[in-house]
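Start at 1 and go down the list; that is how both ligands and their atoms are numbered.
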Amino acid sequence: MTMIEGHRAIAPPKGAAVWDIDPYAPEILSNPEPYYTQLRAMGPVVFIPKYAILAVGRYDETKEVFSDCSRFVSSRGVGLDDFKHTRAWRPPSIILEVDPPEHTRTRKVMIKAMSPKVAASQRDMFVQTAEEMIDDLLNRDSFDAVSEFAERFPTTVFPKAVGMKDGNPRHLVDYGAMVFNSLGPDNPIRQASLERAPEIIAWIGQACARERLLPGGMGEMLYAAADAGEITAEEAGFLVRSFLSAGVDTTVTGIGNALFCLGRNHDEYDQLRADPTLSRQCFEEVLRYTSPVHSFCRTANADTEVAGIPIAESSKMLCVLGSANMDPDKWGDPENFRVTRKPMGHLAFGVGVHGCVGQNVARAEMDAVLRVLARKVSRIEIIGDPVWRPNNAMHALDRMQIRLHRA
Ligand code: OVM
């Protein structure tokens, strides 16, 4: 069997377009829109020889592949590595990288630990932190929106919500980058991220232990589920690791991308200011428009077909969520950022049994930020050109100088 980037090198399927492109090239990761447009134009299923993978980027097929967990499994990894044939870089996640029925039990525990009620209970803390941070930033002439705001907010509030005794912000951000970059090929981006793996993995391992978690936090709730016999104590530790894997960089990216959207569309920001109850749908539009997680993979666990194109067992399916969220057949005018769009069905949180289990908490964080912004800030001014930070699975800013104008 010929392997490539940790998975089986399949042959191009009959009827599939072949596209000689590297979707993980830094230029594409930094400016993915032209790639999205061409991907959708080439066909429903596109073979990419460089990695011997199949990419889907039209809304319907992306949703089909992403949500059908019996044909397209997660247990073989949601990046290019196929865990059936290649050792994973870390012990696999017991919620992300697992299929039903095993998935169902751990998912249930996580649903409870991040329920709407739990998210609501953190709301006042989120709002108070947003007020303090934005008051502080209003005193500055201009600043980097990524390091001083987008990274600062979640690395302050999320460890608190989890109940971490020591929520080292740098380690949390770097671990997230590592987890997401490891979903791509063994390119310089992934290599640079994994360089510090031993040190950070050791820190994460300790941070997930029960004695490092305060009572009343979301982390302790997982250990309480272990006490109740729903999972083992070891599994509780792994689920805390999932919090730390998926809860920080995603929300950092969401906030950065929101500032990007609102800093570039002043009329839309004015609408939000005029009616702050738009904050929730504004965030959904930020997610649709910028897709913080631009792509995740699935693996075909048997021969099947999509849009009439035969898919061989072991095919890695690159589900380009960012492209589906920009499909004009679904959205009409996807290139316009509109806070009143109500983009129901966007795929930024995924879809199906693996749909983001932390979305209530993510929405509560973002809602706090947007409502405080709308109240205190009359205008978000972007200074110079924002710079994107190529990441194998995320569409995130590296830096963006901004000025906040006092309302
Ligand atoms: C995890 C996890 C869950 C969702 C996303 C993610 C790739 C990781 O359970 O570790 O990032």
Side-chain angles (χ1 to χ4, degrees), residues 6 24 29 66-67 69 73-83 88-100 102-114 154 158 162 171-185 189-190 193-194 197 200-201 203-205 207-208 218-219 221-222 225 231 234-254 287 291-299 316-322 347-363 391-396:
Y24 297 99
L29 295 171
F66 217 55
S67 58
C69 62
V73 298
S74 290
S75 56
R76 292 167 73 167
V78 300
L80 294 188
D81 286 335
D82 181 351
F83 296 171
W89 71 281
R90 61 170 193 168
S93 163
I94 62 170
I95 180 161
L96 174 74
E97 291 152 334
V98 63
D99 304 312
E102 293 78 15
H103 171 260
T104 315
R105 188 172 50 93
T106 49
R107 169 91 183 181
K108 205 168 140 191
V109 171
M110 288 292 259
I111 286 175
K112 212 162 68 181
M114 289 191 288
F158 192 69
V162 172
H171 282 170
L172 287 170
V173 167
D174 290 348
Y175 186 63
M178 195 179 289
V179 166
F180 283 90
N181 276 324
S182 70
L183 299 177
I189 300 170
R190 173 175 159 145
S193 239
L194 287 175
I200 295 173
I201 288 171
W203 181 83
I204 287 285
C208 295
M218 290 172 0
M221 289 182 69
L222 298 175
I231 51 172
E234 194 195 357
E235 287 173 328
F238 268 104
L239 292 179
V240 176
R241 192 193 69 171
S242 288
F243 280 163
L244 308 185
S245 301
V248 179
D249 281 45
T250 47
T251 47
V252 166
T253 304
L287 291 175
S291 298
V293 175
H294 61 71
S295 41
F296 262 15
C297 294
R298 295 289 189 254
T299 312
K316 271 289 177 188
M317 309 296 295
L318 181 69
C319 301
V320 187
L321 307 172
L347 300 183
F349 279 133
V351 58
V353 301
H354 286 284
C356 178
V357 74
Q359 57 187 278
N360 298 311
V361 178
R363 287 196 179 103
N391 179 295
N392 289 328
M394 297 226 291
H395 181 225

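- Counting protein heavy atoms only, atom 7 (C) of ligand 1 is closest to Val179 CG1, 3.4 Å.
- Among all heavy-atom pairs drawn from Pro100 and Val353, the shortest one is CG-CG2, 4.3 Å.
- Ranking the protein heavy atoms by distance from atom 11 (O) of ligand 1 puts Phe180 CZ, 3.2 Å first.
- The heavy atom nearest to atom 2 (C) of ligand 1, out of those in Val98, Leu96, Ile94, Leu239, is found in Leu96.
- The ligand atoms of ligand 1 that sit less than 4.0 angstrom from a heavy atom of Ser93 are 1 (C), 9 (O), 10 (O).
- Counting heavy atoms from C-beta on, the side chains of Val248 and Tyr175 never come closer than 4.5 Å.
- Every atom of ligand 1 is numbered from 1 in the order shown, and the set under 4.0 Å from a heavy atom of Ile95 is 9 (O).
- Counting heavy atoms from C-beta outward, Met178 and Leu194 have side chains that approach closer than 4.5 Å.
- Atoms of ligand 1 lying under 4.0 Å from at least one heavy atom of Ser242, given by number and element, are 1 (C), 9 (O), 10 (O).
- Ranking protein heavy atoms by distance to atom 4 (C) of ligand 1, first place goes to Ala246 CB, 3.5 Å.
- You'll find the side chain of Val179 reaches within 4.5 Å of the side chain of Trp89, heavy atoms only.
- Below 30°, between 30° and 60°, or above 60°: for Phe158 and Phe243 the angle between ring planes is above 60°, a perpendicular geometry.
- Arg90 counts as a contact of ligand 1, since one of its heavy atoms falls under 4.0 Å from the ligand.
- Near Phe296, meaning under 4.0 Å from one of its heavy atoms, ligand 1 places the atoms 7 (C).
- Across every non-hydrogen atom of His354 and Arg107, the tightest pair is C-NH1, 3.7 Å.
- Across Tyr24 and Leu183, no two heavy atoms sit closer than the pair OH-O, 4.4 Å.
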